[in-house]
Amino acid sequence: MKRDETTGTGLENKVAQNHSAKFVQARDSRNRKVPGLWVRNGRFYACLWVDRGDGKKTARRFPLEAANISEAKEQMEIKKNERREDKLPTAGRKPMLADYIETYLAGQERQTRRANTQDKDRAALGRWLAQIGNVQVHKISPAHVLRFQEARLAEGVSPRTVNLDMISLRGLLKRAVDEGHLRELPRLKDLKRGPVAKRRLITPTEFQRLLETARVECPRNGQQFIDYLCFLAYSGAREQEALRMKWSDVDLDGRCIAIGSDGLAKNGEERTVELNAKLEGLLREMLTRRAPDSEWLFPSPQRGSNDARTMTFRNSLRLVRVKAGLEWFAFHDLRHYFASMCVMNNLDFMTTAAWLGHKDGGMLVGKVYGHLLADHRHQAASRLQFGMEPVAVAS
């Protein structure tokens, strides 16, 4: 049997594949079990007897950062030496959920996430703590999960939102498994999502009505709000991406803008959007109204002596969409509007996807964003040619 340097032998790999969620004992190149060394999901663990904190000892598995069996053996010896020098953490009592949430969120891996993602994780795990109580981490069971899901659904929350909370819990429990607080993950079943309602596409007439309503109902910031709505519609930018735009991101001579230059775009990458006629005209008009003391496209009217951007237009949106009879409308609908207009103007999907910041070559544009207006479909049907005359049927 062919040897595999990562986990020992081909036999071990076969066992690991059949029991990927379980610990299997590591084997050396001669297919002999290595005492105290285990493998789970391709990762090595050293199993050592350690002080439990109450005068008794217990076996604990410590994750190792090893790429092959030789490195794993060396690191296991290091762990043994740390145990002799009393440098290993004692097993002690399993952590309580409230304490472990703080430990998990303070971990290096979580700290590399965006602040918004960290806030969502904290909020989700807070809901878990409120629902199931401050239990020990290893005692979280499928029954706890079921009760949490039922309680959230009773609050009117969608299955999709509940499943997002499940992702946060699953991440915490995976960390607990790696640290030896759990032997394996409990069964965490996501809720089945019902049919997704088709997103309605705002029409040009409705969009114009929205702008006219904003001018009437928002006397203090109406022009800036209109500029913002138009910018979303003509650039395909997301709500927060647009609010973080600076004039240094605009290149009118090169006829393009840079979205996500601050590194905070959804995929963390900057993208270039070439200017269409509408977007260029809008930006040139905005330039004539630019506040000389601000670098932001949408500066805060209450910035005072400190240059600050507008944080949100949501209060204006709530007012205007009701007055315009478009209660269903949200800022993200203008991203759909932009993508759909690209499709209806026969732009290739790859270009549209690049403007939107998609990495799939245009598949999502065709599947999700390609909403077509009824008038456009009728016009397309009237242009359809089959290149032959109908054959007369003899009477």
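When atom types are taken as modelled, the side chain of Ser340 and the backbone of Tyr337 share no donor-acceptor pair closer than 3.5 angstrom. Between the Arg335 side chain and the Gly236 main chain, a donor and an acceptor come within less than 3.5 Å of each other. Not one N or O on the side chain of Arg215 forms a donor-acceptor pair closer than 3.5 Å with the backbone of Gly222. Side-chain N or O atoms of Arg27 include none that pairs as donor or acceptor with a backbone N or O of Arg32 at under 3.5 Å. Remark: side-chain polar atoms of Gln118 are not paired, donor with acceptor, to backbone N or O of Leu105 under 3.5 angstrom. Panel note: side chain Asp28, backbone Arg30; a donor-acceptor pair is recorded below 3.5 Å. Of the possible donor and acceptor atoms, one in the side chain of Asn276 sits under 3.5 Å from a partner among the backbone N and O of Tyr234. Under the 3.5 Å distance criterion, the side-chain polar atoms of Thr351 are left unmatched by any main-chain donor or acceptor of Leu347. In terms of modelled atom types and a separation under 3.5 Å, the side chain of Thr310 and the main chain of Pro299 share a donor-acceptor contact. In this structure a side-chain-to-backbone donor-acceptor pair under 3.5 Å is missing from Asp99 to Met96.
We find that Arg244 and Asp249 are not joined by a salt bridge, their nearest charged nitrogen and carboxylate oxygen being 4.0 Å or further apart. A salt bridge does not link Arg255 with Glu274: every distance from a Lys NZ or Arg NE/NH1/NH2 to an Asp or Glu carboxylate oxygen is 4.0 Å or more. Residues Glu155 and Arg152 are paired through a salt bridge, judged by an N-O separation under 4.0 Å between the basic side chain and the carboxylate. The existence of a salt bridge linking Asp178 and Arg43 is confirmed by a sub-4.0 Å separation between a basic side-chain nitrogen and an acidic carboxylate oxygen. Using a cutoff of 4.0 Å between basic side-chain nitrogens and carboxylate oxygens, Lys323 and Glu212 are not scored as salt-bridged. The existence of a salt bridge linking Arg175 and Glu179 is confirmed by a sub-4.0 Å separation between a basic side-chain nitrogen and an acidic carboxylate oxygen. Salt-bridge formation is detected for the pair Glu295/Lys246: a Lys NZ or Arg NE/NH1/NH2 atom is positioned less than 4.0 Å from an Asp or Glu carboxylate oxygen.
Between the CG atom of Asn221 and the CD atom of Gln223 there is a distance of 10.5 Å, given to the nearest 0.5 Å. Here the straight-line distance linking atom CE of Met245 with atom CD1 of Ile257 works out to 4.0 Å at 0.5 Å rounding. The distance from the NZ atom of Lys139 to the CD1 atom of Ile132 is 12.5 Å, given to the nearest 0.5 Å. Expressed to the nearest 0.5 Å, how far CG of Leu48 lies from CD of Glu82 amounts to 9.5 Å. Distance CG/Leu129 to CG/Leu169: 11.5 Å, rounded to 0.5 Å. Rounded to the nearest 0.5 Å, atoms CD (Glu102) and CG (Leu125) are 9.5 Å apart.
Judged as a ring-ring contact (aromatic ring centres under 6.0 Å, His included), and not counting sequence neighbours, the contacts of Trp128 are Phe148. With sequence neighbours excluded, the residues forming a side chain to side chain contact (heavy atoms under 4.5 Å, CB included) with Leu146 are Gln149, Glu150, listed by chain and number. Applying the ring-ring contact (aromatic ring centres under 6.0 Å, His included) test to Tyr228 and every residue at least two apart in sequence or in another chain returns Phe298, Phe313, Phe331. For Ala124, the side chain to side chain contact (heavy atoms under 4.5 Å, CB included) partners at least two apart in sequence or on another chain are Arg127, Asp165, Ser168.
Across all their heavy atoms, Ile259 and Ala237 have their closest contact at CD1-CB, 3.9 Å. The minimum heavy-atom distance linking Ala242 with Leu232 is given by the pair CB-CD2, 3.6 Å. For the pair Ser235 and Val273, the tightest heavy-atom approach, listed with the atom from each and the gap, is O-CG1, 4.1 Å. The two residues Ala308 and Arg303 have their closest heavy-atom pair at N-CB, 3.7 Å. Residues Phe44 and Ala26 come closest through the heavy atom pair CE2-CB, 4.3 Å. Across Phe207 and Leu229, no two heavy atoms sit closer than the pair CZ-O, 3.9 Å.
In this structure, the side chains of Cys218 and Ser316 come closer than 4.5 Å at one or more pairs of heavy atoms. Residues Arg40 and Pro63 are not in side-chain contact: their nearest non-hydrogen atoms beyond the backbone lie 4.5 Å or more apart. Counting heavy atoms from C-beta on, the side chains of Cys230 and Leu211 come closer than 4.5 Å. Contact of the Pro204 side chain with the Met341 side chain is registered, since non-hydrogen atoms from C-beta on lie closer than 4.5 Å. Considering only heavy atoms from C-beta on, Glu270 stays 4.5 Å or farther from Asp262 through its side chain.
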Give the C-alpha distance, both sets of side-chain angles, the deciding distance and a yes or no for salt bridge (Lys or Arg N to Asp or Glu O under 4.0 Å) between Lys73 and Glu77. CA-CA 6 Å; Lys73 287 181 179 180; Glu77 292 303 317; over 6 Å; no
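One hydrophobic cluster, built from ILVMFWY side chains closer than 4.5 Å, cannot hold both Leu317 and Leu319; they sit in different ones. Both Leu287 and Val250 belong to a common hydrophobic cluster when Ile, Leu, Val, Met, Phe, Trp and Tyr are linked at side-chain heavy-atom distances under 4.5 angstrom. Linking ILVMFWY side-chain heavy atoms closer than 4.5 Å, directly or via other members, places Val177 and Leu188 in a single hydrophobic cluster. Residue Val145 is grouped with residue Leu185 when hydrophobic side chains (ILVMFWY) are merged at heavy-atom distances under 4.5 angstrom, including chains of intermediate members. Transitive grouping of hydrophobic side chains (ILVMFWY, heavy atoms separated by less than 4.5 Å) keeps Val322 and Phe329 in distinct clusters.
Between Tyr45 and Phe62, the ring center distance fails the sub-6.0 Å criterion.
For residues 311-320, every residue pair satisfying the salt bridge (Lys or Arg N to Asp or Glu O under 4.0 Å) rule, not counting sequence neighbours, is listed here: Glu239-Arg314. Residues in residues 217-235 take part in these salt bridge (Lys or Arg N to Asp or Glu O under 4.0 Å) pairs, two or more places apart or across chains: Asp227-Arg289.
A cation-pi arrangement is absent between Arg321 and Trp328, since the terminal nitrogen or guanidinium carbon is not both under 6.0 Å from the aromatic centre and inside a 45° cone about the axis.
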